[in-house]
Amino acid sequence: MSRQDVIVVAVDGSDASKVAVTWAANTALKRGVPLRLVSAYSMPQFLYAEGMLPPQELYDDLESETMEKIEEARKIALDFAPELEVTHQIEEGSPIDLLLDLSAQCTMIVMGSRGLGGLSGMVMGSVSAAVVSHAECPVVVVREDNILTEATKYGPVVVGVDGSNVSQRAVEFAFIEAAARKSKLIAVHTWMDMQVQSSLAGLAAAQQQWQVVEDEQRRMLSDRLAYWESKYPEVEVEKIVTRDRPVRALGDAAEGAQLLVVGSHGRGGFKGMLLGSTSRALLQAAPCPMMVVRPDSEDKKKPKK
């Protein structure tokens, strides 16, 4: 199935999910695309005891309860943006299967999160790890405390840049989001990560040499952004190069931001959150909603821009 330009948001009726719906509605409005509310329900396994199938009434009740959550989410979205096109999708079965299937068809998936406890109504080691780590489109995690305000509604988009292919893909999505939101883009590169430390093996950590390294890293950042700056000349870009750890630098830059975009090299699984350490830490601590961009299957075929 071909990919559709639509924002998908997972709905489960929790407070975190409601915050995610508002954020997703704002994103769909700024992008000028439809919003799709999705939810899944499943029959408890113990009801299949002794080979008996649960009565149809139970399925009907579960679907009805799920539809109530969808309608509540629809009202939230339309109260925020009355002109928005809002559709919905309800499936029986695993939310993992539903969201991963949709990830091959949509622009992005938005999910609510309680924060340290994981995605609302879901187990950190299962649904969240599977969707964030295996989705074929970017996934935005909106924590329960990432409430959309007049300040953050117009804040910048922040992206982490490290020079890798997946980082370049994150830069692409960050420019798309900044252009759609008519916001400034803040590109952050830190040179104390492992990639750069290896190149510093023969250097003393003296103050006079730090400036030399920082200048080199600033040129690298400019090179990585040049293609996208020419493609999106309307986007104001602020470049930050700092001798700091990525989590702290990105967290500081993302204060008051609309969105933080990071690429993840990690491969997650159904038994745990196995994303890269930076992505994992930021999912729990970022001061704004965070988009995780994974490597594309075509990345190996593309030259670096």
Side-chain angles (χ1 to χ4, degrees), residues 107-108 137-140 155-201 203 209-255 257-267 275-283 286 288-305:
T107 300
M108 75 172 68
C137 69
V139 178
V140 177
V157 172
V158 178
V159 62
V161 184
D162 67 10
S164 64
N165 282 342
V166 69
S167 172
Q168 283 299 95
R169 193 161 185 249
V171 168
E172 175 184 0
F173 281 102
F175 268 93
I176 291 171
E177 289 299 320
R181 298 164 188 273
K182 296 180 173 58
S183 68
K184 180 168 75 172
L185 176 66
I186 300 177
V188 180
H189 172 69
T190 64
W191 54 272
M192 287 298 287
D193 58 16
M194 293 303 295
Q195 180 182 0
V196 178
Q197 282 180 12
S198 64
S199 68
L200 295 176
L203 297 178
Q209 293 172 310
W210 290 348
Q211 187 60 51
V212 173
V213 176
E214 184 168 321
D215 289 343
E216 292 175 352
Q217 298 308 309
R218 195 172 296 280
R219 284 193 292 271
M220 185 279 287
L221 177 60
S222 294
D223 289 344
R224 295 300 185 189
L225 298 177
Y227 172 86
W228 300 108
E229 286 184 289
S230 65
K231 186 171 182 178
Y232 295 95
E234 73 277 18
V235 175
E236 176 189 355
V237 179
E238 177 183 349
K239 300 168 187 175
I240 296 177
V241 175
T242 180
R243 188 175 63 90
D244 201 350
R245 296 190 179 280
V247 172
R248 182 164 56 189
L250 288 169
D252 289 347
E255 287 288 347
Q258 294 189 55
L259 180 66
L260 169 62
V261 185
V262 298
S264 177
H265 308 276
R267 296 295 192 274
L275 290 171
S277 58
T278 298
S279 302
R280 185 174 62 248
L282 285 168
L283 280 170
C288 69
M290 175 173 149
M291 175 186 284
V292 179
V293 179
R294 292 187 57 254
D296 185 84
S297 59
E298 295 296 315
D299 278 350
K300 294 180 182 180
K301 304 175 185 178
K302 295 178 181 177
K304 287 186 178 180
K305 294 183 174 71

In short, salt bridge (charged side-chain N to carboxylate O under 4.0 Å, His left out) pairs touching residues 175-186 with sequence neighbours left out are Arg31-Glu177, Glu177-Arg181, Lys184-Glu238
Any Lys231 side-chain heavy atom under 4.5 Å of Phe175 side chain = no
Do Thr190 and Arg245 touch side chain to side chain, with heavy atoms closer than 4.5 Å?
-> no
Between [atom1] on residue [X] and [atom2] on residue [Y], distance to nearest 0.5 Å:
X: Ile186; Y: Glu236; atom1: CD1; atom2: CD; answer: 9.0 Å
X: Met108; Y: Ile176; atom1: CE; atom2: CD1; answer: 9.0 Å
X: Asp252; Y: Asp244; atom1: CG; atom2: CG; answer: 7.0 Å

Residues in side-chain contact (heavy atoms from CB on, under 4.5 Å) with [X], at least two apart?
X: Cys288; value: Ala254, Ala257, Leu260
X: Met220; value: His189, Gln217, Arg224
X: Ala187; value: Val159, Val161, Leu221, Leu225
X: Asp215; value: Gln211, Arg219

Check whether any side-chain N or O of Ser167 sits under 3.5 Å from a backbone N or O of Asp162 as a donor-acceptor pair, and report yes or no.
-> yes
Under 3.5 Å donor-acceptor, Gln258 side chain and Val157 backbone = no
Which heavy atom of [X] sits nearest to which heavy atom of [Y], and what is that distance?
X: Ala170; Y: Val262; answer: CB-C, 4.0 Å
X: Leu185; Y: Ala178; answer: CB-CB, 4.2 Å
X: Gly263; Y: Val166; answer: CA-CG2, 4.0 Å
X: Pro295; Y: Ser264; answer: CD-O, 3.3 Å

Please list, chain by chain and in numerical order, all residues satisfying salt bridge (charged side-chain N to carboxylate O under 4.0 Å, His left out) with Glu214, sequence neighbours excluded.
-> Arg218
